[in-house]
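Heavy atoms only: backbone and side chains are in, while hydrogens, waters and symmetry mates are out.
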Amino acid sequence: MAPLPTAAVTEALPKSYDPAGTESRWQQAWESSGAFHPDPAAQGEPFSVVIPPPNVTGSLHMGHAFNTALIDTIVRFQRLRGKNVLCLPGTDHASIAVQTILEKQLKAEGRGKEDLGREAFLEKAWAWKAESGGTIVGQLRRLGYSVDWQRERFTLDSGCSVAVIEAFNRLHEQGLIYRGEYLVNWCPASGSAVSDLEVEMQEVDGHLWHFRYPLSSGAGCLEVATTRPETLLGDTAVAVNPKDPRYAALVGQTLTLPLVGRQIPIVADDHVDADFGTGCVKVTPAHDPNDFAIGQRHNLPLITVMAKDGSMNEAAGRFAGLDRFEARQAVVAAMEAEGCLARVEEYRHSVPFSDRGKVPVEPLLSTQWFVRTEPLAARCREALAAAAGSDPRFVPQRWSKVYRDWLTDIRDWCISRQLWWGHRIPAWFVVSETGGVITDNTPYVVARDESEARAKAEAQFVGGVHAHPVVLEQDPDALDTWFSSGLWPFSTLGWPDEQAADLARWYPTSVLVTGFDIIFFWVARMTMLAGAFTGQMPFKDVYIHGLVRDEQNRKMSKSAGNGIDPLLLIERYGADALRFALVREVAGAGQDIRLDYDRKSDTSATVEAARNFANKLWNATRFALMNLGGETPASLGEPDPAALQLADRWILSRLARVNRETAERYDSYGLGEAAKGLYEFAWNEVCDWTIELLKRRLQVPVNLEGAARKAALADQRTARQVLAKLLGELLVMLHPLLPHLSEELWHGLTGEPPETFLALQPWPAVNVAALDDDLEASFAELIEAIRVVRNLRAVAGLKPNQSAPVRFVTGRGELAAVLQEASADITALTRAESLVVLDPAAAEAAPGQRALASVSGELQVLLPIEGLVDLDALRGRLEKDIAKADREIKGLAGRLANPNFAGKAPPEVVAECQANLAEAEAQAELARRRLADLGA
């Protein structure tokens, strides 16, 4: 590539970095060019991720931003490694959430969904989705997600619908889906069953009511306690522990249920804890899952006293029609009036709330569709225990136990929801057999469409005793959203078409990146369904990340009102800064991170630091462009190893090492470690040291002539080659973390056309020959020596442009050699008037001078200052520093000696005080040594 004119190169990067303009420009360029739209027939090892589909009702929150940053870091790295990468996006149709939104809109208009009818309601839902459902997708785009938007999916799209229908039919054919009446979690607010995983336990302050139930014989009573008095109307027994001697003689007798008059038995059951309360438990099989199990064991009747809207039904007698909470108070009052209320306790306990409806769920008997989960879970447990290694592999590994434990004790999954928005259950009731209405006993057929259902029904119900024509009515209920989400890793790739190119190329997927809170909701359901339909686990790895906590280390939630809007931070600092800040905070896979945030100003010091890092890289690249003579890394080529100076060999060794370490960290999900390592390398070793070391070599003095000029120009070219190579490879390594910024800087540095993307370049090969452990160790000592000289100059009060002699004393020959070889660099960076490296014997023999001294490892650093500074003034400053430190020591020591402070202050405050005392003592000792060095 021919050199570019200097003006053209420097114009490629404006003076200041504009994140908003840069990010929107590259997002548009990547998407319009199809940069992330892979061909299944292309070369390269396949690597695939299907993103966790956010709810179509959602808007971007910090959890989305964190998950996106982690996934995109992984897939961008794998793309740079030359793999054929598919990152597939999509959204979830969120049945309950969407239906709740629409029903609220209808309620505001004075209507209900029944007034519209199902078809009109669904038309309204699709219209809402078209108008408002793209919000979260647009926000994800702003993060620079390198997904294939051309393959974007929706859990209610036609392809997913085909997969859902096929999955339901196959499971039903295998006897793994059935319909039956069981106790389910009922949400009165949404009018639907909800699964155990859609229930959130909340601590509430309530009461524990103790009631007396009289023995039917009149020989006394038993005392029971409950937090839900309204359910006693449905009691069908009182249970005691069979080993409890207090009640052994009463087992088999009956009690008279107060307010109702029903005779109910006393039964013995191991479920009862004899040590809790009185050891007597009221049993309401139709309204409590534990009671339901007791009822099954003792053949107790099931009496439902509550309607599905949360009101009391006819079986509640005089309390019928009351809301359940109104009935609670009415029942308590009635029990007290009859003398059956023993006492009332204040009681804090956990209450199950509907995650969507936000009201307490009610265990109710209901006829629903269920998946028989144990056979599916067994296959997953086998894969996890496979001799070849756990499948899938969890990162961190500790989460595999949580996953296995959940699969080991699993209930059947209620998959039907009393909703219209969602996948309608592919079952048709033969209502002609039950008088034209659906009842619990109406026969049904499961089919892939209505014509197949009719054929099945006619084969069963036409002819013989069935004289009437078959009339079908499809089940009005929808499937649980998690059923379609459970098919996501393979339905999005073309299943059930086993020949689909995407399925053949990218399934199983490579990794699932998700939070620990949905291992049960989603991860286990995907593995169970994938095992059933594909015979494989749907992903090889499961990378579990933690939560983003707020500035006070609290979990973010809507109820707490402590969320942090990522869009505000993107507006202020840029998407790259937010992404980098989030990933850099990760201390280890699965660990929560804390995000600093000032709510008064909507600022974050953490994200601001990442933005400052972006500015540092921007300025470093602009410096390079102004000093590369209009050339690019390609036109400059690789530096000649024989022409490299000590600093060049050091930074190229560090570059090779950081390259290898970063690739290993990215590849093993050490993303936080990769970000921290690159930050330290780029900021300290590249910007603060290498660029400073190269500056003098990049400028050739105009007065040089002949051989000196020729040598200086050759060294300038070497310096340019090192700088270009260093920045070029650094930008590739940073690209997964700072995609927009790195793309912009890489184009400015390389001069590549806009249609050529850094995102699609190969990861740089590690130059193994450049690695030099000894040199890196020695150069680290050299850097520390320069720091010590600079500190001594600051103590002496030397002006920045004032020169002073520097003396190094060391008995280590290899360190002395490095210092000698780097003498020109040290002189330039320390403003050394002269630089001498001595061994201890020579230093002892040298004439004495007043000097400030310090020690770094095996190196003594001397800064002779006699004649350069006012020694009396310097002594005065040091004496003031000592006095100030002594006062601070006295105050801190007294504070720590005070038992009221040491014993009562928070541990972190005491620790900070101890650290401040140690620092003050060290500073005082250092000042005293320096004062002694100056002599009288």
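The two residues L782 and A822 make their nearest non-hydrogen contact at CD1-CB, 3.2 Å. The shortest non-hydrogen separation linking D72 to S146 is OD1-OG, 2.6 Å. Shown here for P805 and P864, the closest heavy-atom pair between the two residues is O-CD, 3.3 Å. Closest approach of D592 and G546 over heavy atoms only: OD1-CA, 3.3 Å. Taking all atoms of both residues into account, the shortest heavy-atom contact from A719 to L698 is CB-CD2, 3.9 Å. In terms of heavy atoms, L792 sits closest to A853 at CD2-O, 4.0 Å.
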Fill in: Stepwise side chain to side chain donor-acceptor pair (under 3.5 Å) test for D881 and Q923
CA-CA 8 Å; D881 289 344; Q923 290 300 320; over 6 Å; no

Practice prompt. Let me see the working for L862 and L852 under side-chain contact (heavy atoms from CB on, under 4.5 Å), right down to the final yes or no.
Written response: CA-CA 6 Å; L862 300 169; L852 290 177; over 6 Å; no

Discussion item. Side chain to side chain donor-acceptor pair (under 3.5 Å) for E752 and W746? Distances and angles first, verdict last.
Written reply: CA-CA 8 Å; E752 292 287 351; W746 184 81; over 6 Å; no

Discussion item. Determine whether Q78 and D667 satisfy the following criterion, side-chain contact (heavy atoms from CB on, under 4.5 Å), listing intermediate values before the conclusion.
Written reply: CA-CA 8 Å; Q78 296 296 344; D667 211 28; 3.1 Å; yes

Worksheet item: What do the steps show when you test L760 against R79 for side-chain contact (heavy atoms from CB on, under 4.5 Å), and what is the final call?
Response: CA-CA 7 Å; L760 302 179; R79 204 176 280 118; 3.6 Å; yes

Fill in: side-chain contact (heavy atoms from CB on, under 4.5 Å) between M733 and L655, worked out
CA-CA 10 Å; M733 291 189 284; L655 178 65; 3.7 Å; yes

Practice prompt. Give the C-alpha distance, both sets of side-chain angles, the deciding distance and a yes or no for salt bridge (charged side-chain N to carboxylate O under 4.0 Å, His left out) between E781 and R812.
Written response: CA-CA 12 Å; E781 293 180 288; R812 277 179 51 211; 2.7 Å; yes

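No donor-acceptor pair closer than 3.5 Å links the side chain of R790 to the backbone N or O of A785. For the pair R622 (side chain) and P14 (backbone), a donor-acceptor distance under 3.5 Å is present. The main-chain N or O of Q645 is found under 3.5 Å from a side-chain atom of D648 such that the two form a donor-acceptor pair. S742 places a side-chain N or O within donor-acceptor distance of the main-chain N or O of P739, the cut-off being under 3.5 Å. At distances below 3.5 Å, at least one donor-acceptor pair connects side-chain atoms of S823 with backbone N or O atoms of Q820. N619 contributes a side-chain N or O that, together with a main-chain N or O of N615, makes up a donor-acceptor pair within less than 3.5 Å. No donor-acceptor pair under 3.5 Å is formed between the side chain of S778 and the backbone N or O of L815. Between the side chain of R76 and the backbone N or O of L738, no donor-acceptor pair lies under 3.5 Å. No donor-acceptor pair closer than 3.5 Å links the side chain of Y543 to the backbone N or O of L70. With hydrogens and angles ignored, the 3.5 Å screen pairs a side-chain donor or acceptor of T22 with a backbone N or O of D18.
Atoms CD1 and CG, from I651 and L693 in turn, are 9.0 Å apart once rounded to the nearest 0.5 Å. For the atom pair CD (Q721) and CG (L723), the distance works out to 11.0 Å, reported to the nearest 0.5 Å. Rounding to the nearest 0.5 Å places CG of L835 at 5.0 Å from OG1 of T827. Here the CG atom belonging to L896 is positioned 9.5 Å from the CG atom belonging to N916, to the nearest 0.5 angstrom. Summarising the geometry, atom CG belonging to L775 is positioned 10.5 Å from atom CZ belonging to R654; distances are rounded to the nearest 0.5 Å. If you take OH on Y17 and CG on L617, they are separated by 9.5 Å, rounding to the nearest 0.5 Å.
With contacts defined as side-chain heavy-atom distances shorter than 4.5 Å, the pair S854/N791 does not qualify. Looking at E743 and H735, their side chains come closer than 4.5 Å, going by heavy atoms from C-beta outward. For the pair D541/Y669, a side-chain contact is recorded, criterion being any heavy-atom separation below 4.5 Å from C-beta on. Looking at heavy atoms from C-beta onward, L859 lies in side-chain contact with L819 at the 4.5 angstrom threshold. Put simply, the side chain of L863 reaches to within 4.5 Å of the side chain of V806, judged on heavy atoms. In this structure, D774 and E814 have side chains that are not in contact, with every pair of non-hydrogen atoms separated by 4.5 Å or more. In this structure, Y573 and T606 have side chains that are not in contact, with every pair of non-hydrogen atoms separated by 4.5 Å or more. A heavy-atom distance below 4.5 Å is not found between the side chains of L694 and F623.
Taking the six-membered ring for Trp and thresholds of 30 and 60 degrees, F757 and H747 have ring planes more than 60 degrees apart, a perpendicular arrangement. Between F77 and Y666, the two ring planes are tilted [angle within 30° to 60°].
Residue Q43 qualifies as open at atom CD: its count of foreign heavy atoms under 6.0 Å is 12 or below.
Comment: E638 engages K725 in a salt bridge, judged by a side-chain N to carboxylate O separation of less than 4.0 angstrom. A salt bridge links R928 with D886; the closest basic N to acidic carboxylate O contact falls under 4.0 Å. Between D772 and R649 there is no salt bridge, since no side-chain nitrogen of the basic residue lies less than 4.0 Å from a carboxylate oxygen of the acidic one. In this structure, K676 does not pair ionically with E673, as no charged nitrogen and carboxylate oxygen lie closer than 4.0 Å. A salt bridge is defined here as a Lys NZ or Arg NE, NH1 or NH2 lying under 4.0 Å from an Asp or Glu carboxylate O, and E631 with R720 fails to meet this definition. Salt bridge R81/E45: absent, no basic N to carboxylate O contact under 4.0 Å.
Under a cutoff of 6.0 Å and an axis angle of 45°, K616 and Y679 do not form a cation-pi pair.
Residue L749 forms a side chain to side chain contact (heavy atoms under 4.5 Å, CB included) with just one option from L13, L731, L758, and that option is L731.
Between the side chains of N627 and Q716, no donor N or O sits under 3.5 Å from an acceptor N or O.
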